[in-house]
Amino acid sequence: KQPSVPVRQYSLSSFEIGRKLGKGKFGKVYCARDKATGYVCALKVMEKKELIHFKVEKQFRREIEIQSNLRHPNILRLFGHFHDSERVFLILEYAGQGEMFKVLRKKGRFDDVLASQYICQIASALSYLHKKHIIHRDLKPENLLIGLDGEVKLSDFGWSVHTPTSRRTTMCGTLDYLPPEMVEAKDHDSRVDLWALGVLTYEFLVGNPPFEEPAHKATYKRISKVDLKIPPYVSVEAADLIRRLLQHQPERRFPLDQIPDHPWIVKNRPYWPTNNAADKKSG
Ligand SMILES: Cc1cc(Cn2cc(-c3c(Cl)cnc4nc(-c5cn(C)nc5C)[nH]c34)cn2)no1
């Protein structure tokens with residue numbers, strides 16, 4: 001019988017707190033080092049009163065329950081959590097190159113090689129989630145991080161749920177990534193992530209999401225009509241994948257497990273893969 005690994009009890013004093021890495025709607029993230037092991041992680045701190053005020057405790061509990069049981073190279077690890085009288089803390093994997101949306105805003109847009117590698121890695125993470133009957137439901141650059149070797153890490157599982165489901169909580173924030181069935185508040189399943197993957201592919205290559213409009217109502221209309229205009233500089237192969245993912249009918253959307261063999265991914269796969277962790281492992 002395997003000796004069970006004792007689950008360590010953490011508290012704030014278990015860590016040396018470093019610089020603030022970022023802040024979100026509900027809290028802040030700091031770089032932190034575990035005093036006992038020297039391991040560097042990211043500590044996400046949220047005020048309990050804020051979680052209660054914004055009525056997101058349930059979402060928060062779901063984020064912990066789902067993300068702590070996931071093991072995939074393109075999904076940010078949640079190692080543990082703890083709380084004190086006013087705050088809750090998530091002990092998260094530290095992503096060495098930071099937030100995807102900041103890199104995208106800085107670069108404007110990505111080329112086919114970089115964008116296709118990111119999309120292929122995200123498709124791999126989504127395929128892993130869907131096999132566990134989990135849909136992410138909030139795929140967007142703000143919820144992506146980049147690891148030390150340039151690999152993508154899916155994070156923020158606050159909106160993820162077990163399929164099939166129909167949304168009960170009011171959406172807040174951008175509509176840009178929502179598929180027709182969600183903006184029309186219909187029942188939806190894991191294929192909502194396929195739509196969002198199409199939106200993400202477009203945003204990586206163009207620099208803004210495809211249905212973006214100043215007013216929510218206008219965005220809603222363009223999503224519902226799939227009013228898609230792909231700029232001429234987007235490659236034929238990339239445009240093909242975008243169109244195959246941004247299908248109004250969920251059942252017509254391109255399946256995740258065929259993405260690694262799509263011409264856009266195959267054509268742009270570097271012959272000598274970048275010097276990533278897998279390389280180091282194989283020596
Ligand atoms: C609350 C709240 C804020 C955010 C957004 N956010 C995520 C991070 C973050 C996480 Cl969770 C993990 N690793 C990170 N590494 C960085 C980072 C690395 N460099 C070189 N620069 C940065 C920035 N940020 C990380 C920070 N903010 N989500 O919920």
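Quick caveat: nothing in here was measured; it's all calculated off a predicted structure. Atoms within each ligand, like the ligands themselves, are counted from 1 in listed order.
Backbone and side-chain nitrogen or oxygen atoms of Leu92 are examined, and none is located within less than 3.5 angstrom of a nitrogen or oxygen of ligand 1. Residue Arg19 has at least one nitrogen or oxygen atom sitting less than 3.5 Å from a nitrogen or oxygen atom of ligand 1, judged on distance alone.
With ligand atoms numbered from 1 in the order given, ligand 1 contributes 3 (C) to contacts under 4.0 Å with heavy atoms of Lys23. For ligand 1 and Lys44, the ligand atoms under 4.0 Å from any heavy atom of the residue are 1 (C), 2 (C), 29 (O). With ligand atoms numbered from 1 in the order given, ligand 1 contributes 12 (C), 13 (N) to contacts under 4.0 Å with heavy atoms of Glu93. Counting atoms of ligand 1 from 1 in the listed order, those under 4.0 Å from a heavy atom of Gly24 are 1 (C), 2 (C), 3 (C).
Contact annotation for Leu21 and ligand 1: heavy atoms of both the backbone and the side chain come within less than 4.0 Å of the ligand. Contact annotation for Ala42 and ligand 1: only side-chain heavy atoms (C-beta onward) come within less than 4.0 Å of the ligand. Using a 4.0 Å cut-off between heavy atoms, Lys28 contacts ligand 1 through its backbone alone, with no side-chain atom that close. Only side-chain heavy atoms of Glu99 come within less than 4.0 Å of ligand 1; its backbone N, CA, C and O stay farther off. With a heavy-atom cut-off of 4.0 Å, Leu145 touches ligand 1 through its side chain alone.
With respect to atom 4 (C) of ligand 1, the closest heavy atom belonging to the protein is Val29 CG2, 3.9 Å. The nearest heavy-atom contact from the protein to atom 27 (N) of ligand 1 is Gly22 CA, 3.4 Å. Closest to atom 15 (N) of ligand 1, if we only count protein heavy atoms, is Ala95 O, 2.7 Å. Regarding atom 22 (C) of ligand 1, its nearest protein heavy-atom neighbour is Gly98 CA, 3.6 Å.
In summary, the aromatic rings of Tyr39 and Phe79 are positioned with their centroids under 6.0 Å apart.
Residues Asp138 and Asn143 bring a donor and an acceptor atom of their side chains to less than 3.5 Å of each other.
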How far apart are the C-alpha atoms of Phe211 and Trp195, what are their side-chain angles, what is the distance that settles it, and do they pass the ring-ring contact (aromatic ring centres under 6.0 Å, His included) test? CA-CA 12 Å; Phe211 308 111; Trp195 174 277; 5.6 Å; yes

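Checked for salt-bridge contact, Arg253 and Glu181 meet the test: a charged N lies under 4.0 Å from a carboxylate O. Electrostatic pairing of Glu203 and Arg105 counts as a salt bridge here, judged by a charged N lying under 4.0 Å from a carboxylate O. At a threshold of 4.0 Å, the pair Arg8-Asp34 counts as salt-bridged, since one of the basic side-chain nitrogens sits closer than that to a carboxylate oxygen.
The number of heavy-atom neighbours closer than 6.0 Å to CZ of Arg33, taken from other residues, nucleotides and ligands shown, is 12 or below. With a 6.0 Å radius and a threshold of 12 heavy atoms from other residues, nucleotides or ligands, His72 has its NE2 atom above the threshold. By the 6.0 Å contact criterion, NZ on Lys131 is open, its count of non-hydrogen atoms from other residues, nucleotides or ligands being 12 or less.
At least one heavy atom of Gly96 lies less than 4.0 angstrom from ligand 1. Lys25 does not count as a contact of ligand 1, since none of its heavy atoms falls under 4.0 Å from the ligand.
The shortest side-chain heavy-atom distance between Leu228 and Arg243 falls under the 4.5 Å cut-off. In this structure, Cys120 and Trp264 have side chains that are not in contact, with every pair of non-hydrogen atoms separated by 4.5 Å or more.
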